[in-house]
Amino acid sequence: MIKKLMLAVAALVASTGIAFAQVDVNKADAAALDGLKGVGPSMSKMILDERAKGEFKDWADFQERIKGVKGKKAMKLSEAGLVVNGKPMEAAAAKPAKAQKTSAKADANAKPAEQKAAM
C-alpha cells in the first residue's frame, strides 16, 4: 500500500517537473515541441519547416512566420514553456495591435471634441 502511494507521489512530482520545462523553439526536436500544451504534430512540423529556413529571431518573428500563432495563442504557448532564443514572451509584446486600436479610438474621440472647441 505504501509503495503504491510513494509511486503515485513520485509520478506526480515527475510530471509537474516536465510540465514547467522550457523548450526553445530554435533547438527543440518534434517530440519536445509536441510535448507542449497547445502544440500538436502539425504545428511542430510547421515550426521545424520554418526553422530550416532560418532560426527565429524573437517572438515577433515567430508569430509572423507560424500561421495561427498570434497574441493570445503565443502567450499561452509561452506560459506552457515555449521560449524563443531563451526568452519567454512578455505580456506587453502579446498585445501591440490592441494598443494601436485603443489609441486610434482615442484619436477619433478627441477630434470631435477639438472641432467643437474650435467653433
Side-chain angles (χ1 to χ4, degrees):
M1 177 74 176
I2 203 106
K3 288 182 181 180
K4 289 181 182 180
L5 181 60
M6 294 289 283
L7 183 62
V9 170
L12 179 64
V13 170
S15 67
T16 56
I18 292 170
F20 295 113
Q22 290 187 341
V23 177
D24 195 317
V25 73
N26 287 320
K27 298 175 185 173
D29 60 359
L33 291 169
D34 285 345
L36 288 173
K37 182 177 179 181
V39 178
S42 62
M43 183 179 288
S44 62
K45 181 181 179 340
M46 191 180 338
I47 290 170
L48 294 175
D49 290 346
E50 280 297 318
R51 188 175 73 194
K53 298 175 187 175
E55 287 194 351
F56 297 99
K57 298 173 191 161
D58 54 21
W59 275 97
D61 183 38
F62 179 74
Q63 290 179 59
E64 184 177 311
R65 292 168 54 188
I66 303 300
K67 181 181 176 183
V69 179
K70 300 298 178 224
K72 285 183 180 181
K73 176 74 172 180
M75 197 66 204
K76 286 182 181 183
L77 291 174
S78 179
E79 289 170 355
L82 190 67
V83 295
V84 178
N85 288 328
K87 297 178 184 175
M89 184 172 191
E90 297 177 11
K95 302 179 184 178
K98 245 184 188 179
Q100 290 173 354
K101 287 180 183 177
T102 303
S103 64
K105 286 181 181 178
D107 289 344
N109 291 337
K111 286 181 183 177
E114 289 173 7
Q115 290 172 352
K116 288 179 184 177
M119 290 180 170

Can you list every salt bridge (Lys or Arg N to Asp or Glu O under 4.0 Å) pair that touches residues 42-51, not counting sequence neighbours? K45-D49, E50-K53, E50-R65

Hits for side chain to side chain contact (heavy atoms under 4.5 Å, CB included) against V83, two or more places apart or cross-chain, chain-then-number order -> Q22, D24, P88

For the atom pair CD1 (I47) and CG (L77), what is the distance rounded to the nearest 0.5 Å? 7.0 Å

Separation of W59 CH2 from K87 NZ (nearest 0.5 Å): 12.5 Å

Run the side-chain donor-acceptor check on residues 26-40: report pairs under 3.5 Å with partners two or more places apart or on a different chain.
from, atom 1, to, atom 2, distance (Å)
N26, OD1, F56, N, 2.8
N26, ND2, F56, O, 2.9
N26, ND2, N85, OD1, 2.9
D29, OD1, A32, N, 2.9
D34, OD1, S44, OG, 2.8

Test of understanding: with side chain to side chain contact (heavy atoms under 4.5 Å, CB included), list the residues that count as partners of K76, not counting sequence neighbours. none

Can you tell if the side chain of M89 reaches within under 4.5 Å of the side chain of Q63, non-hydrogen atoms only? yes

Any heavy-atom pair between the side chains of K73 and M43 that's under 4.5 Å? yes

